[in-house]
Asker: 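Have a look at this one.
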There are 2 protein chains.
Amino acid sequence: MAPIGFASHDHNSCIADAVKSVDAACAASGLQFTPVRKRVFEILLEEHRALGAYEVLDRLRSEGLGSQPPVAYRALDFLTKHGFVHKIERLNAFIACAHPTEKHTPAFLICRKCSAVAEAETDIAQGRLAGIAADTGFAIERAILEAEGLCPNCRPSDEKA
Amino acid sequence: MAPIGFASHDHNSCIADAVKSVDAACAASGLQFTPVRKRVFEILLEEHRALGAYEVLDRLRSEGLGSQPPVAYRALDFLTKHGFVHKIERLNAFIACAHPTEKHTPAFLICRKCSAVAEAETDIAQGRLAGIAADTGFAIERAILEAEGLCPNCRPSDEKA
DNA sequence: TGATATATGTCATAGTATAACATATCAACC
DNA sequence: GGTTGATATGTTATACTATGACATATATCA
């Protein structure tokens, strides 16, 4: 439930661990974690921020892994479809999942100043909103929860409680 | 707290009432509810569904109210900025607010089959997520909450509880 | 090894949104 | 009533985001 992303962490190992766990998940499900897909995932992990598809594509292009938009979009589609990457609708951008092993409804805290993004694992939208939906007869399949504001690093210190 | 949008209602009066209340709100705040802005608001009300900016623009164009994208985007920006219209990020589309008089965090139920959209008034994102944010020192300013699934009209009837 | 599904390369185009600048209108005050 | 500053509109051009379509290649498995 605790968000990460505004604090420093062991970045070197986090990339390796994440790649490894996705590798295992793909093997277990018969999915192909191909070179382009793996590289896109790594690129997103390296930044720990939301990258646009064309930013990812630029990186791929400079590495000779593909130069046309569909290359990036296909890899991103694959990764988001299987929950390894999330799309931030507000930013039209993608970010590596911070909790790749568990099934969850991601929630995001997006700093409007520095664009840092923290992912909080939550089932909030399956919580209170679920009651409203049930009353109406609406069947929720997935939910998007994105909060915008100022991250701890961008808040004027006298505003911090 | 009850969503509307999947049930029929008195459509004729709802448009007139909404326009009137926005008119009053603008007058009270010294905002200019100009012809283009009013017409865009009416167009969204007439449909009670999410319209893309270019769909709105097409309507404006056919009525001689402007033919270039900025005309539509400016009106939509104005209306969303002041809470009379909401943007559905998931659909890159805009919908007239169902609760124009009150300050609120809108939540949406979006049907993936028929694209109907219901707005539920809620402060859900200021609720549970607020706790997580506070722990991190993140200051939430606004939130986006959009749930996707099947509306009552599109659900196979044997699935309905 | 052949059949089927899945993934990639590539070109073309569709859809969404904004920058920039000139002109016009509004609101308020002298 | 005219001046001033803020706000709104008209218009051109362009940037950014995303997908359709089709040919080729690779993987999977009977």
Side-chain angles (χ1 to χ4, degrees), chain A residues 22-23 25-41 43-44 50-82 84-95 112 115 144 146, chain B residues 22-23 25-41 43-44 50-82 84-95 112 115 144 146:
Chain A
V22 169
D23 222 335
C26 286
S29 315
L31 301 172
Q32 300 180 42
F33 198 34
T34 64
V36 191
R37 291 168 176 176
K38 183 174 293 190
R39 192 65 197 111
V40 167
F41 186 55
I43 288 169
L44 292 176
L51 292 183
Y54 281 73
E55 286 181 272
V56 171
L57 180 57
D58 286 344
R59 302 275 305 258
L60 290 179
R61 183 178 288 135
S62 72
E63 297 172 15
L65 269 172
S67 60
Q68 301 302 321
V71 173
Y73 279 102
R74 281 172 186 151
L76 290 167
D77 284 350
F78 169 88
L79 294 166
T80 55
K81 178 176 175 185
H82 297 291
F84 308 134
V85 158
H86 301 298
K87 179 173 185 186
I88 315 275
E89 299 289 345
R90 185 78 222 306
L91 304 176
N92 295 318
F94 302 83
I95 191 165
R112 68 166 156 79
S115 293
I144 292 162
E146 302 173 1
Chain B
V22 169
D23 222 335
C26 286
S29 315
L31 301 172
Q32 302 180 42
F33 197 33
T34 64
V36 192
R37 290 169 177 176
K38 183 174 294 191
R39 191 68 197 110
V40 168
F41 186 55
I43 288 169
L44 293 176
L51 292 183
Y54 280 74
E55 287 182 271
V56 171
L57 180 58
D58 286 345
R59 302 274 307 258
L60 291 179
R61 184 179 288 134
S62 72
E63 298 172 14
L65 270 171
S67 61
Q68 301 303 322
V71 173
Y73 278 102
R74 282 172 186 154
L76 290 167
D77 284 350
F78 169 87
L79 293 166
T80 56
K81 178 175 176 187
H82 298 290
F84 308 133
V85 158
H86 300 299
K87 179 173 187 186
I88 315 275
E89 299 289 345
R90 187 78 225 303
L91 305 175
N92 294 317
F94 301 83
I95 192 166
R112 68 165 156 78
S115 294
I144 292 161
E146 302 174 3

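Here the structure is a predicted model, which is why all the values come from computation and not from measurement. Just so it is clear: chains get the letters A, B, ... in the order the sequence lines come, proteins before strands, and each one is counted from 1.
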Asker: Keeping to residues at least two apart or across chains, list the salt bridge (Lys or Arg N to Asp or Glu O under 4.0 Å) pairs with something in residues 54-69 of chain A.
Answerer: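 Found A/R39-A/E63, A/E46-A/R59, A/E47-A/R59, A/R49-A/E55, A/D58-A/R61.
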Asker: Of all residues at least two apart in sequence or in a different chain, which pass the ring-ring contact (aromatic ring centres under 6.0 Å, His included) check with B/Y73?
Answerer: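 Residues passing ring-ring contact (aromatic ring centres under 6.0 Å, His included) with B/Y73: none at all.
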Asker: Mind listing the N/O atom pairs, protein and nucleotides 13-23 of chain C, below 3.5 Å?
Answerer:
residue : atom : partner : partner atom : Å
C/dA17  : OP1  : B/K87   : NZ           : 2.6
C/dA17  : OP2  : B/Y73   : OH           : 3.1
C/dA17  : O5'  : B/Y73   : OH           : 3.4
C/dA17  : N7   : B/Y54   : OH           : 2.7
C/dA17  : N6   : B/Y54   : OH           : 3.3
C/dA20  : N6   : B/R74   : NH2          : 3.2

Asker: Tell me: CG of A/L57 to P of C/dT10, nearest whole Å?
Answerer: 12 Å
Asker: Would you give a per-nucleotide map of nucleotides 24-30 of chain C, 5' to 3', where B means the base has a protein non-hydrogen atom under 4.0 Å away, S means only the sugar-phosphate does, and - means neither?
Answerer: --S----
Asker: Throw together a table of side-chain donor-acceptor distances under 3.5 angstrom for residues 27-38 of chain B, partners on residues two or more places apart or in other chains.
Answerer:
residue : atom : partner : partner atom : Å
B/S29   : OG   : B/A25   : O            : 3.0
B/R37   : NH1  : B/Q32   : O            : 2.7
B/K38   : NZ   : B/D23   : OD2          : 3.2

Asker: Identify the 5'-most and 3'-most nucleotides of DNA chain D with at least one atom closer than 4.0 Å to a non-hydrogen atom of chain B.
Answerer: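 Nucleotide range in contact with chain B: D/dT7 to D/dT12.
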Asker: Looking only at non-hydrogen atoms, find the nearest pair between B/L60 and B/V71 and report the distance.
Answerer: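 Distance-wise, the nearest heavy atoms are CD1-CG1, 4.2 Å.
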Asker: Shortest non-hydrogen contact from B/L91 to B/A50?
Answerer: CD1-CB, 4.1 Å
Asker: What heavy-atom pair brings A/V40 and A/A75 nearest, and what distance separates the two atoms?
Answerer: CG2-CB, 3.7 Å
Asker: Using side-chain heavy atoms (C-beta onward) and a distance below 4.5 Å, is A/I144 in contact with A/I88?
Answerer: no
Asker: Angle between the two end axes of the helix from C/dT1-D/dA30 to C/dC30-D/dG1, five base pairs per end, rounded to 10 degrees?
Answerer: 30°
Asker: Please find the pair of heavy atoms, one from B/F41 and one from B/L79, that lie closest to each other, and give the distance.
Answerer: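 Scanning both residues, the minimum pair turns out to be N-CD1, 3.9 Å.
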Asker: Side chains of A/L51 and A/I95: closer than 4.5 Å at any heavy-atom pair?
Answerer: no
Asker: With side chains defined as the heavy atoms from C-beta onward, is the minimum distance between B/P69 and B/L57 less than 4.5 Å?
Answerer: yes
Asker: Tell me, do A/L44 and A/V85 make a side-chain contact under 4.5 Å, heavy atoms counted?
Answerer: yes
Asker: Under 4.0 Å: is that the gap between some side-chain N or O of A/S67 and OP1 or OP2 of C/dG9?
Answerer: no
Asker: A/R90: what forms a salt bridge (charged side-chain N to carboxylate O under 4.0 Å, His left out) with it, not counting sequence neighbours?
Answerer: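 Listed in chain order: A/E148, B/E89.
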Asker: Among all residues two or more places apart in sequence or in another chain, which pass the side chain to side chain donor-acceptor pair (under 3.5 Å) test with B/D77?
Answerer: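 Side chain to side chain donor-acceptor pair (under 3.5 Å) list for B/D77, sorted by chain: empty.
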